[in-house]
Amino acid sequence: MHKGLSVSLLSATLLLASCSQTPAAPQAAAPKGSDSLVATADECSTFQQYPVVVSRVDFKTKRDWLDIVKTFEPVGGSLDDGYVLLDISRPEFEQLRVTGLARGWTVKIDQTQTERHSASLKTPLSALSISGYSCYRTVEETYASAQGLVTQYPNLASWSSFGSSWLKSKGRGGYDMNVLKLTNKSVTGTKPRLLITASIHAREYTPAELTTRFAEYLLANYGKDADVTWMLDSQEVWLVLQSNPDGRKKAEAGASWRKNVNDTQACSNGLYGVDLNRNFNYAWGTGGSSSDPCNETYKGTAAASEIETQNLQALIKAAFADNRGPARTDAAPDTTSGLYMDIHSYSQLVLWPWGDTTTVAPNGTQMQSLGRKFAYFNGYTPEQSVGLYPTSGTTDDFAYGELGVPAYTIELGSAFFEPCNTFTGTTLPKNQAALLYALRVARQPYTMGSGPDSVTLNAPASVATGASFTLSASATNTRFNTSNGAEPTRTISSAEYFIDTPPWAGGTARAMTAADGAFNAATESVQATVSTSGLSAGKHMVYVRAKNNNGTYGPVSALFVTVGTTTGTTTTYTGTVAAAGNSYQPSSTGFTYAGGTLQGNLSGPTGTDFDLYLQKLSGTTWTQVAASEGSSSAEAINYAAASGTYRWRVYAYSGSGSYSLTETK
């Protein structure tokens, strides 16, 4: 995410002495890493040997950290460490010295890391595995995994080339640029798309692996998880797992390599190539990029000069319709479908257009709301891409600027070469949740991003034909990351459910009620009694969604309910329970059961909080074996019971009155 250094807080006339000059004797004797604005003799010697050095910057505050990582892509260190390692040129080093003097930073060259970095740039391209990072797949391993998914899930996955890398276009080896497409091919028609590109900057290991594992998760859970199933039935996922495969091979060998490998312009520092994320043709070259071919943010000889950029631009245009006018001020309509995400590392940020101006994009408020939703899941800082400093010619500005599709950059984790335990333990689960939410809202992201989410859906897994069951959920409009500005307060105004046919396909909406009797809060427990009359035997999809007081619907959530496969009998008990009291069914002495599935569905009075428990007799003592303790009057238990004596316990946590309990054996 290197944006070109702009952090100098002192006058531009406060210049450092050049290393080509002979510093005065006291300055020459200054210790390495001192507060002197003049490069020391040792530092000048290092720059003569290494055009790019690894420098250590010790900072003081989180604001310092954010300013640095918005300007550079650190190659080491972290916010928690209190320092970063940067691979930078002498002019950048000198500018950092100026800024560091004003802000209390210590800026010095790390000689050991500099020598290691220089050696890595000389390592030839190879197909070797990534040494020390077993959790990250090489280009070859990534491609083989994708092809394996197609073989395993032929009706859900396809893998195809959309162009060649720079080396392959020159007949010098290289790779195809491939896209992995996921959807249920048996369900036809126009489908909203989520397009994700990963690792366009070669040294960023985590994005490609996150995206590959996201594909594996979706395919493994299709038919098992209701949400994954409806999303792949009715939407498409396009994944570019390796967006810069040539450059990635240099990084896999240990080089801190960012750009592609276009070597037509030689560089004394060894950092040839073009920064592909400064080469896209929307607002190309308008700031935050370099015209120096040896700079990390080199923008290229012209807009979209690189074949990788051309391929990606064509893919983005193939994925999304053009829904925005030509003027900068033209907004895309609220009904725009589709979502684009470019995954990078590292800095722990969620970013959206524009990157070349502080002006808010025409759909900027809507992208901000959705960006704060993504940041709710991964805990990152959400903000407009420009932050404090500009970029131009980037992927997300192209996707939004050219087509009006909401576009985001996520900066993952805390290192390019992030340790595997950190990646698998933290970065992967948090960001997989964010990607799942992106897919959930892909049908209409500009509105759904500010709408309420339907969570903690609950219903019995199976119900006898003709029986009724209780469906419950929580509708909430609070799941935003407010670390960088708060969202407006929005209350829940209604909730509804659909069986088998979702709202976008013309399904019949059936109202749900607020458990406390009124829709007037930002989070509401909602419920409904669902009849299975008229439903065929077999598995059914139940969708739930909610609306806020602005009239905005959030995305649906779903679960499976199987009708007509239970055996035995269904019995309905009724009773009355006093405040903070208990009621037992069928009696305090219970019933004898030979074993099998026991289901209980409780429906209490509106506005109460009743809980349901299943107890088993052990000797002379009743032991609780299952519980449903939601914050509403509707509860459900599905328990695999061994033979024994059981009873149901209904407890009035708050409120009192009559209830109905349906038991299925």
Side-chain angles (χ1 to χ4, degrees), residues 149 153 155-157 181-187 191-196 210-211 213-239 337-339 341 370 373-374 376-378 428-445 447-449 451-462 469 471-477 479 495-505 507 509-510 512 526 528 530 538-547 553-562 630 636 638:
L149 292 175
Y153 304 98
N155 193 49
L156 297 175
K181 296 181 180 180
L182 310 179
T183 193
N184 182 351
K185 300 174 185 178
S186 300
V187 180
K191 300 180 181 181
R193 291 175 179 138
L194 170 64
L195 169 58
I196 300 175
L210 167 69
T211 309
R213 295 196 188 202
F214 180 55
E216 291 170 336
Y217 175 87
L218 291 173
L219 294 174
N221 284 280
Y222 180 84
K224 302 173 185 176
D225 180 275
D227 284 319
V228 170
T229 303
W230 74 254
M231 288 191 287
L232 289 187
D233 280 344
S234 62
Q235 302 180 159
E236 294 181 8
V237 187
W238 292 16
L239 305 173
S337 71
L339 188 64
M341 305 185 85
L370 183 52
K373 279 279 183 73
F374 298 147
Y376 167 84
F377 293 101
N378 59 25
L428 173 63
K430 288 185 175 182
N431 285 282
Q432 184 167 276
L435 297 186
L436 284 167
Y437 192 81
L439 183 55
R440 187 184 297 275
V441 301
R443 182 166 298 277
Q444 200 165 307
T447 60
M448 289 181 180
D453 297 324
S454 300
V455 298
T456 60
L457 273 63
N458 189 32
S462 57
F469 65 90
L471 171 68
S472 63
S474 177
T476 181
N477 221 148
R479 301 204 304 172
E496 57 194 18
Y497 72 93
F498 303 76
I499 299 178
D500 292 332
T501 306
W504 59 85
R510 298 170 172 88
M512 303 182 74
V526 298
V530 181
K539 185 184 289 186
H540 294 267
M541 182 90 76
V542 180
Y543 305 85
V544 175
R545 70 174 181 177
K547 184 169 64 174
Y553 282 104
V556 302
S557 295
L559 48 68
F560 289 125
V561 174
T562 300
N638 190 50

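For this chain, numbers begin at 1 and follow the sequence in order. Keep in mind the model is a prediction, meaning the values are calculated, not measured.
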Please report the shortest heavy-atom distance between [X] and [Y], naming the atom on each side.
X	Y	answer
Pro555	Arg545	O-CB, 4.1 Å
Gly449	Leu370	CA-CD1, 3.9 Å
Gly338	Pro445	O-CG, 3.2 Å
Lys539	Gly223	NZ-O, 3.4 Å
Gln235	Leu439	NE2-O, 2.7 Å
Met448	Tyr437	O-OH, 4.0 Å

For Leu156 and Asn184, what are the C-alpha separation, side-chain angles and deciding distance, and is it a side chain to side chain contact (heavy atoms under 4.5 Å, CB included)? CA-CA 5 Å; Leu156 297 175; Asn184 182 351; 4.0 Å; yes
Are any of the side-chain heavy atoms of [X] and [Y] separated by less than 4.5 Å?
X	Y	answer
Phe214	Val237	yes
Tyr222	Leu182	no
Val441	Lys373	no
Ile499	Val530	yes
Val526	Tyr497	no
Ser474	Val455	yes
Met541	Phe560	yes
Ser234	Arg443	yes

Check the pair Ser557 / Arg440 against side chain to side chain contact (heavy atoms under 4.5 Å, CB included), numbers first and verdict last. CA-CA 8 Å; Ser557 295; Arg440 187 184 297 275; 3.1 Å; yes
Find the distance between [atom1] ([X]) and [atom2] ([Y]) and round it off to the nearest 0.5 Å.
X	Y	atom1	atom2	answer
Leu239	Leu195	CG	CG	8.0 Å
Phe374	Leu435	CZ	CG	8.5 Å
Ser454	Tyr553	OG	OH	11.0 Å
Leu219	Leu149	CG	CG	5.5 Å
Phe377	Lys430	CZ	NZ	13.0 Å
Leu218	Asp227	CG	CG	11.0 Å

Assign the ring pair Tyr543 / Trp504 to parallel, tilted or perpendicular, where the plane angle (0 to 90°) is split at 30° and 60°. perpendicular
Verify, without hydrogens or angle tests, whether Ser337 (side chain) and Gln444 (backbone) share a donor-acceptor contact under 3.5 angstrom. no
Looking at Tyr153, I'd like to know if its OH atom is crowded, meaning that more than 12 non-hydrogen atoms belonging to other residues, nucleotides or ligands lie closer than 6.0 Å. yes
Could you walk me through whether Leu436 and Met231 pass the side chain to side chain contact (heavy atoms under 4.5 Å, CB included) check? CA-CA 9 Å; Leu436 284 167; Met231 288 191 287; 4.3 Å; yes
Using the rule side-chain contact (heavy atoms from CB on, under 4.5 Å), only one of Leu471, Leu559, Val556 pairs with Val544; which is it? Leu471
